[in-house]
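Step one of this worksheet: look at the structure below.
Just so we're on the same page: letters track the sequence lines, and every chain starts at 1.
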There are 2 protein chains.
Amino acid sequence: MTLRHAVLAALLSGEYSGYQLAKAFDVGVANFWYARPQQLYLELSKLENDGLISGREVVQQTRPNKRLFMVTDAGLAELAHFAAAGSKPSFIRDDLLVKVQAVDHVDAAPVIAQLDQRALAAAAKVEILDKLLRRFRGDLDEETYLRDGSPIGPYLTCLRGRRFEQEHHDWCVRAAALLRDRATRNGDPAPTSDQSR
Amino acid sequence: MTLRHAVLAALLSGEYSGYQLAKAFDVGVANFWYARPQQLYLELSKLENDGLISGREVVQQTRPNKRLFMVTDAGLAELAHFAAAGSKPSFIRDDLLVKVQAVDHVDAAPVIAQLDQRALAAAAKVEILDKLLRRFRGDLDEETYLRDGSPIGPYLTCLRGRRFEQEHHDWCVRAAALLRDRATRNGDPAPTSDQSR
DNA sequence: GCCCCCTAGTCAGAATGATGACTAATCATA
DNA sequence: TATGATTAGTCATCATTCTGACTAGGGGGC
């Protein structure tokens with residue numbers, strides 16, 4: 001049960017509505033978790049029911065009213081408890097890796113196409129995260145921010161996300177180039193589907 | 001539905017029993033997916049029911065009998081279909097990142113301890129993957145293997161896994177050092193690697 | 001002789017996450 | 001003056017994953 005804690009942790013940086021939170025989960029927060037808006041709304045309801053967050057209605061004229069949530073003391077305690085408990089090892093879980101794993105036995109062309117796409121997406125994500133990191137830092141250089149800046153948690157997770165996306169990008173580019181090279185050297189626009197069985 | 005395809009892709013490299021597959025999912029295959037043995041047994045049953053793999057009983061005297069599975073032509077077709085279909089973007093989903101995100105608001109000590117642990121685990125994983133990569137390569141150097149070696153799919157996913165673990169390790173080490181430094185400068189009782197509670 | 005670990009596998013059910021289909025008002029654009 | 005995008009949110013249900021408990025025999029160490 002960790003979407004719960006991811007939402008709690010995300011709410012630490014300020015009051016958010018479900019909608020705003022959904023936006024955040026598409027950029028910054030997505031470094032450590034991701035969820036669709038519907039899941040977030042649901043989780044927010046549950047959290048409020050359990051008294052871990054409290055919401056207040058904000059009436060708006062030009063837009064639909066919204067509910068802003070903030071973490072309660074009980075919520076903080078829950079987070080502290082979660083932070084102190086053991087955590088399971090992390091691992092990649094990626095469709096595309098599964099496809100690459102099978103690339104010796106299936107048509108490589110669509111896999112290469114997806115690697116290209118992913119590389120682009122990852123590059124875009126890197127830029128977004130760079131922007132976020134700069135916004136955190138303000139005038140400070142990174143070394144100084146890491147030593148004294150605040151908040152440090154979100155900055156660190158962003159940094160991790162940035163590295164991850166960078167690595168992902170580099171790997172995609174390299175793998176695509178490599179598979180393309182192999183395909184052309186094998187002299188086929190449509191690679192054979194049966195090589196080593 | 002991708003544990004299904006992860007299992008199929010893993011079975012491409014040879015015949016495995018459920019038990020052996022479970023082992024593989026703890027090391028090499030874990031680069032792109034992870035699952036508990038129970039899930040694997042279940043998935044293998046389903047796959048066999050759907051005719052995507054076929055199993056044969058192997059009688060053993062000293063040990064319980066086992067069933068070895070291999071991918072059928074229908075299974076290969078399914079994989080090809082899967083490889084050609086679109087895939088969702090990948091992202092990290094990690095308990096520990098959630099905890100770091102919250103580290104400005106909760107006690108840092110247990111988080112630091114977990115970062116230390118994770119760093120060790122990641123370093124161990126890197127060594128395992130290095131060994132695996134060397135076994136793939138045999139006498140060839142990496143450049144040559146990437147150009148002409150076989151299989152290339154598993155090698156590439158291993159490479160990705162290795163990079164991921166390396167990055168994870170480096171980040172954990174850095175984050176732990178940083179948080180420790182901040183804690184001591186704030187005059188807290190310095191939590192060194194010697195934590196016991 | 002006892003106990004724990006390893007091989008090998010099964011089952012049921014709880015927890016968690018994902019998806020599609022809705023409502024409803026405002027704003028910018030063509 | 002339509003058309004579509006944006007803000008804001010709800011509901012029901014499906015899919016997938018995770019967990020604990022269980023069976024069963026053999027081998028190795030104390």
Side-chain angles (χ1 to χ4, degrees), chain A residues 1-8 15-26 29-30 32-50 53 55-69 82 85-95 98, chain B residues 1-8 15-26 29-30 32-50 53 55-69 82 85-95 98:
Chain A
M1 195 195 301
T2 321
L3 172 55
R4 186 181 187 77
H5 298 109
V7 169
L8 268 179
E15 279 187 320
Y16 287 100
S17 69
Y19 191 81
Q20 291 172 306
L21 203 57
K23 296 282 170 189
F25 265 71
D26 258 359
V29 188
F32 58 92
W33 214 266
Y34 165 83
R36 294 292 166 92
Q38 297 101 313
Q39 286 175 262
L40 296 177
Y41 284 119
L42 194 66
E43 206 57 51
L44 285 171
S45 308
K46 285 190 205 163
L47 283 167
E48 197 184 19
N49 251 306
D50 295 349
I53 61 176
R56 61 187 182 91
E57 187 90 10
V58 172
V59 181
Q60 300 181 120
Q61 283 88 10
T62 72
R63 308 225 153 272
N65 296 347
K66 61 182 174 183
R67 308 201 61 215
L68 293 183
F69 295 96
F82 169 70
S87 58
K88 341 179 167 149
S90 76
F91 47 89
I92 305 181
R93 187 169 268 189
D94 188 344
D95 277 14
V98 176
Chain B
M1 194 194 301
T2 321
L3 172 56
R4 188 183 186 76
H5 298 108
V7 169
L8 269 178
E15 279 185 321
Y16 288 99
S17 68
Y19 191 82
Q20 291 173 306
L21 204 56
K23 295 282 170 189
F25 264 71
D26 258 358
V29 187
F32 58 92
W33 214 265
Y34 165 83
R36 294 290 166 91
Q38 297 101 312
Q39 289 174 261
L40 296 177
Y41 284 120
L42 194 66
E43 205 58 51
L44 285 170
S45 308
K46 285 190 206 161
L47 283 167
E48 197 185 18
N49 252 307
D50 295 349
I53 61 176
R56 62 188 182 88
E57 187 91 11
V58 172
V59 181
Q60 299 181 120
Q61 284 88 11
T62 73
R63 310 223 155 272
N65 296 346
K66 61 182 174 182
R67 309 200 61 215
L68 293 182
F69 295 95
F82 169 69
S87 56
K88 341 179 165 145
S90 76
F91 47 90
I92 306 181
R93 188 169 267 189
D94 187 344
D95 277 13
V98 175

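Applying the ring pair (Phe, Tyr, Trp, His ring centres under 6.0 Å) rule to A/Tyr16 yields no partners; only residues at least two apart in sequence or on another chain are considered. B/Phe91 meets the ring pair (Phe, Tyr, Trp, His ring centres under 6.0 Å) test with A/Tyr34; sequence neighbours excluded.
In plain terms, the two heavy atoms of A/Gln20 and A/Leu68 that are nearest each other are OE1-CD2, 3.5 Å. Closest approach of A/Phe25 and A/Ala35 over heavy atoms only: CD2-N, 3.8 Å. Nearest heavy atom pair, residue B/Ser90 against residue A/Asp94, reads CB-OD2, 3.1 Å.
At a threshold of 4.0 Å, the pair A/Arg4-A/Asp50 counts as salt-bridged, since one of the basic side-chain nitrogens sits closer than that to a carboxylate oxygen. Here A/Glu57 does not pair with A/Lys66 in a salt bridge; the nearest charged N to carboxylate O distance is not below 4.0 Å.
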Would you be so kind as to tabulate the donor-acceptor pairs closer than 3.5 Å made by side chains of residues 39-47 of chain A, with sequence neighbours excluded?
residue : atom : partner : partner atom : Å
A/Gln39 : OE1  : A/Arg36 : N            : 3.4
A/Tyr41 : OH   : A/Tyr19 : N            : 3.4
A/Ser45 : OG   : A/Tyr41 : O            : 3.0

(request) Determine, for nucleotides 13-26 of chain D in 5'-to-3' order, which nucleotides have protein heavy atoms under 4.0 Å from the base (write B), from only the sugar-phosphate (write S), or from neither (write -). (result) ---SSBBBB----S
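Put simply, the side chain of B/Phe82 reaches to within 4.5 Å of the side chain of A/Val98, judged on heavy atoms. B/Glu15 has its side chain out of reach of B/Phe69: every pair of non-hydrogen atoms, C-beta onward, lies at least 4.5 Å apart.
Following rounding to the nearest Å, A/Leu68 (CG) and D/dT7 (C1') show an atom-to-atom distance of 13 Å.
On the nucleic acid side, DNA chain C has its first and last nucleotide under 4.0 Å of a heavy atom of chain B at C/dC6 to C/dA18, going 5' to 3'.
Between the axis at the start and the axis at the end of the helix from C/dG1-D/dC30 to C/dA30-D/dT1 there is an angle of 40°, using five pairs per end and rounding to 10 degrees.
In this model, the phosphate group of D/dT10 is not approached by any side-chain N or O of A/Tyr41 to a distance below 4.0 Å at OP1 or OP2. Applying the 4.0 Å criterion to OP1 and OP2 of D/dT7, one finds that A/Tyr19 has a side-chain N or O inside that range.
Contact annotation for A/Ser17: backbone-only contact, meaning every heavy-atom pair under 4.0 Å involves sugar-phosphate atoms and none involves a base.
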